[in-house]
Protein chains: 2
Amino acid sequence: MVRYGQYCPVAKAAEVLGDRWTLLLARELLQGAEGFNELERGLPGISRSVLAQRLRTLERRGIVQRAEPRGYHLTDAGRDLAGVIDKLGEWGATWAFGDPLPDELDPDLVMGWIARHTAKRPETRTVIQFDCRAPKRRYWLVLEPGDVSVCREAPGFDTDVLVEADVQQLYGLYFGRTTLRDPAIAVRGAPRGEVDSWFAWSKYAPALRV
Amino acid sequence: MVRYGQYCPVAKAAEVLGDRWTLLLARELLQGAEGFNELERGLPGISRSVLAQRLRTLERRGIVQRAEPRGYHLTDAGRDLAGVIDKLGEWGATWAFGDPLPDELDPDLVMGWIARHTAKRPETRTVIQFDCRAPKRRYWLVLEPGDVSVCREAPGFDTDVLVEADVQQLYGLYFGRTTLRDPAIAVRGAPRGEVDSWFAWSKYAPALRV
DNA sequence: CAGTATCCTCGAGGATACTG
DNA sequence: CAGTATCCTCGAGGATACTG
């Protein structure tokens, strides 16, 4: 719990948001994550006790509200953090977003982001299989009329579209540094341009200096 | 040095700015503070070694540039933090700016802020004396055509205008919660309205919920 | 699924004194 | 004015195992 003891709006905001992980936790909540385990998955490296402590502090400070019987939601104050996190992300994309270190690329994480930014809501269930070549992983994105989910296990439905890429290429797609038109990414089952249009990718892509 | 290990613009920005004191240090630099001791005075409670370490880190990351023979300046990346700090301050003013705790009111600090936000640049030297009643302090704001400075010792020039207020009232002025028209604040030597117009007060005043 | 309890480590940073 | 060097403390949080 950071304390600066200055009666200044910047200092007070920094006291609320300045604990380690709190800004990223706000990002997760703004993206719509609600469950404890879901939040933990979005913050690899956080310990469960730290996550619980941060959530308690944010609740006490009126940023987060617990729902019954489970789940966390942002209050008005919490939703208003969108502007702060956006500016932060734009600044980061512009000035602090060099090439990734190898251990910064996490296929689980980027697949979660891609799933959250899927724009397509098909009329009938559509299954997009993502084969990550390196590291070797397989995901199924199941698009239903009102829902999108990622599975690590075969969902039991036929795959409609198959995408094959390295984890770097998945990040490249998400941050707009490449597109599904890149022949190094394999796409089967639907035209590349059509599949590309199903995803919104990251809002920070425009700020990126490629 | 915070490390999250996520290739995400928000996470990378939080790695640069997430160390304790770094956001407030950015605020000071954006306000135009340049010297080591000047920065230290604006951050009561920081230790000299932590300040030195933070400045070194920001320099290494391309946010701060050292000037010869002394002084710290923001780079383009550093100046671009203005948008982040502004959003943070607006959020803090709106959602985290309750009544001050008694130990959060520091007359030295608020006098420094007031001095930085003095708009008037008179044609001849003008001396405004601020008598803080509680805690008992005395300051002289010396306005010259090209410069404003605060002294804790009598500057040797005649006082043109005298302002008498408590430290709470000085903060009230700075954050737009009161004005020099408040009769509880004494003003001698010039009309209240005129003196009030010499100061810009804080940019976060509009976001304040009084 | 959603946490809490307990123990222990280690590193951030405070205090103090010093230098060019 | 602008720092650095040294020593030491204490608390954040990791690891692990547990519960409703």
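Just so we're clear, the structure is a prediction, and the values are computed from it rather than from any experiment. Numbers restart at 1 for each chain; the letters A, B, ... are given by sequence-line order, proteins then strands.
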* **Side-chain donor/acceptor of B:Thr126 to backbone N/O of B:Thr124, under 3.5 Å** => yes

* Donor-acceptor contact below 3.5 Å, side chain A:Arg121 vs main chain A:Thr118 -> yes

* Asked: Would you say the side-chain atoms of A:Thr75 pair up with the backbone N or O of A:Gly62, donor to acceptor, closer than 3.5 Å?
  -> yes

* Between the side chain of B:Tyr171 and the main-chain N/O of B:Asp166, is any donor-acceptor distance below 3.5 Å? -> no

Can you list, pair by pair, the side-chain donor-acceptor contacts under 3.5 Å of residues 77-92 of chain B, counting residues two or more places apart and other chains?
from: B:Arg79; atom 1: NH1; to: B:Leu74; atom 2: O; distance (Å): 2.9
from: B:Arg79; atom 1: NH2; to: B:Asp76; atom 2: OD1; distance (Å): 2.5
from: B:Asp80; atom 1: OD2; to: A:Trp95; atom 2: NE1; distance (Å): 2.7
from: B:Asp86; atom 1: OD1; to: B:Lys203; atom 2: NZ; distance (Å): 3.1
from: B:Trp91; atom 1: NE1; to: A:Ala77; atom 2: O; distance (Å): 2.9

* Cation-pi check, B:Arg138 onto B:Phe130 ring (under 6.0 Å, within 45° of axis) -> no

* Asked: Under the 3.5 angstrom rule, does the side chain of B:Glu15 hit a backbone N or O of B:Tyr4 as a donor-acceptor pair?
  -> yes

* State the dot-bracket string of DNA chain D. Criteria: Watson-Crick or G-U wobble, both atom distances under 3.5 angstrom; notation: ( ) intrastrand, [ ] crossing earlier pairs, | interstrand, . unpaired. => ||||||||||||||||||||

* Asked: In whole angstrom, what separates B:Arg66's CZ from D:dG3's C1'?
  -> 9 Å

* Between D:dA12 atom C1' and A:Arg20 atom CZ, what is the distance in whole Å? -> 10 Å

* Close approaches to DNA chain C from residues 33-64 of chain A, in residue order (heavy atom, under 4.0 Å) -> A:Gly35, A:Phe36, A:Asn37, A:Arg48, A:Ala52, A:Arg56

* **d(CZ, A:Arg3; P, D:dG11) in whole Å** => 16 Å

* Over how many whole Å does the gap from A:Arg70 atom CZ to C:dT4 atom P extend? -> 13 Å

* Run the numbers on A:Leu55 and A:Phe36 for side chain to side chain contact (heavy atoms under 4.5 Å, CB included), then give the verdict. => CA-CA 9 Å; A:Leu55 285 166; A:Phe36 189 89; 4.0 Å; yes

* To do: Please check the phosphate of C:dG3 (OP1 and OP2 only) for any side-chain N or O of A:Tyr72 closer than 4.0 Å.
  => yes

